[in-house]
There are 2 protein chains.
Amino acid sequence: MCRLVVEDWKLVIDHHRKNFVAKKGEQIIKEGDPVTGVYFVYQGNVKVHKHWGDKELIVRFANSGKIFGHRGLGTNSSVYPISATALEETSLCFIEMDFFMSTLKMNHDFAFNLMLFYADELQESEKKMRDLALMSVKSRLAVALLQLKGQFGLNSSGHLNLELSKQDLAAYTGATYETVFRMTTELVNEKLISLSGKQIRIINEEKLRFLTEES
Amino acid sequence: MCRLVVEDWKLVIDHHRKNFVAKKGEQIIKEGDPVTGVYFVYQGNVKVHKHWGDKELIVRFANSGKIFGHRGLGTNSSVYPISATALEETSLCFIEMDFFMSTLKMNHDFAFNLMLFYADELQESEKKMRDLALMSVKSRLAVALLQLKGQFGLNSSGHLNLELSKQDLAAYTGATYETVFRMTTELVNEKLISLSGKQIRIINEEKLRFLTEES
DNA sequence: CGAATCGTTGATGAGCTTCAAAACTCGTGG
DNA sequence: CCACGAGTTTTGAAGCTCATCAACGATTCG
């Protein structure tokens, strides 16, 4: 999907990137801070989230090959509209905004692909908007699990290939910890998923998907 | 904001656009239909909305100078992810997708500006996502009213310069008709807004904005 | 004028949040 | 090896927000 963007990226900024590693739990971007540049994930997993008061909503996850901080672009924005926090040890590179912008102006293919990437992200975002507005928590949880399977895949034992706290799953689903917990046990009882420790396995993908379909 | 895009647009497709008029209530795009092109609003107002079952969420409004149907772009999309319906008599132009894409590839400034436009829309979308997930209906209503003021401005009598049914206001707020009605009367009682007929006036913008601030 | 649509209000309950306590886990040190 | 405490998971109960349903008044329109 955004592969093309990523490939271009690697070519373009070979001499201008600053590589570094973020520890688990480290906050890489803080919502409201001035925009300095964009980040690119080599390896690891980063949550992109927004706050309102003491509540949190995870907007998306950025794992290997993904960009984040690009929400700082745009005509009227000088501060980051999101926070970004590493969920595990993550290796990144950082590109300063000025250089990123001039690169975009030089390399038209890159800019074009980034535009397509934005179009995809916008579609995703608006779908999630609809889900939050119209679906029950249980359905949203089903959406989240299927989405995570798509993004992270399965490990050798057939479980979702990511480590995610229930807190974060709740923040991604847009509900409270307890509610997500209850819905999870419901899904387990209905034999749509199963848990072993923190690992999640999808047993009946068809029925899970059925929960996410309209009406 | 997206003015630059609009200007480019006018230049680029002067010989390839098909102009037409949509009557009030006419559906211009139906969610799930194959993508054929993008639309551009000369005059009027169009709601961009998504459905789930029999429920509706209005994602945004496209008034004079705005593009819609561009969600059909992207790497993996062949059907429109949204519906579009005229809220009043609206004059539009339509550009076929092939021509639009080749134009984008030729005119780099246009593509670059469209990218910035997407970036803005993504930010808006994710803000609204947060609002839907974390705010009360009353706060979301306040957000909606302020947003509409920003987009449509005020008419000569100081009211919001758009005609919007309560149904549509509810669908834009992500709540039911009745709830929005109750919250509206609350806001009227608290003297933050006033109504005359279908017209809405914002009396105390400061307090209204206060409702939308965190914590 | 009657019918139909829309606006307004009340009553009820589902769905979810919140608070709090019990049960379980796990590391630490005696 | 067990006891202890801190943190997490699980369960229960109470309450709040909001959706739903139904009824009635107001307004429009054929």
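Below, read A as the first sequence line, B as the second, and so on, with proteins coming before strands; counting in each chain starts at 1. Computed from a prediction, not measured in an experiment: that's the story for all the values here. Hydrogens, waters and symmetry mates are skipped; everything else that's a heavy atom, side chains included, is used.
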**Within residues 131-140 of chain A or reaching into it, pairs that qualify as salt bridge (Lys or Arg N to Asp or Glu O under 4.0 Å) - sequence neighbours excluded** = A/K138-A/E186, A/K138-A/E190
**Request:** Just grab all the ring pair (Phe, Tyr, Trp, His ring centres under 6.0 Å) pairs involving residues 62-82 of chain B, residues at least two apart or on different chains.
**Result:** B/Y39-B/F68, B/H70-B/F117, B/H70-B/Y118
**Complete:** Taking five pairs at each terminus, the helix from C/dT8-D/dA23 to C/dG30-D/dC1 shows an axis bend, to 10°, of 20°
**Prompt:** How would you give the extent of chain B contacts on DNA chain C, as first and last nucleotide 5' to 3' within a 4.0 Å heavy-atom cut-off?
**Reply:** C/dG7 to C/dA11
**Message:** Can you list everything that forms a side chain to side chain donor-acceptor pair (under 3.5 Å) with B/T212? Sequence neighbours excluded, please.
**Reply:** none
**Request:** Quick one, give me the B/S/- string for nucleotides 15-30 of chain D, reading 5' to 3', where B means a protein heavy atom under 4.0 Å from the base and S means that only happens at the primed atoms, P, OP1 or OP2.
**Result:** ---SBBB---------
**Prompt:** Does B/E56 pair with B/K47 as a salt bridge, N-O distance under 4.0 Å?
**Reply:** yes
**Prompt:** Who passes ring pair (Phe, Tyr, Trp, His ring centres under 6.0 Å) against B/H49, sequence neighbours left out?
**Reply:** B/H51
**Request:** Just jot down the side chain to side chain donor-acceptor pair (under 3.5 Å) partners of B/R182, sequence neighbours excluded, or say none.
**Result:** none
**Sequence neighbours excluded, every pair satisfying salt bridge (Lys or Arg N to Asp or Glu O under 4.0 Å) that has a member inside residues 68-87 of chain B** = A/E126-B/R71, B/R71-B/E121
**Message:** Going by side chain to side chain donor-acceptor pair (under 3.5 Å), name the residues that satisfy it together with A/T184, two or more places apart in sequence or in a different chain.
**Reply:** none
**Message:** Going by ring pair (Phe, Tyr, Trp, His ring centres under 6.0 Å), name the residues that satisfy it together with A/F152, two or more places apart in sequence or in a different chain.
**Reply:** none
**Message:** Could you work out, with salt bridge (Lys or Arg N to Asp or Glu O under 4.0 Å) as the rule, every residue matching B/E205, not counting sequence neighbours?
**Reply:** B/K149, B/R209
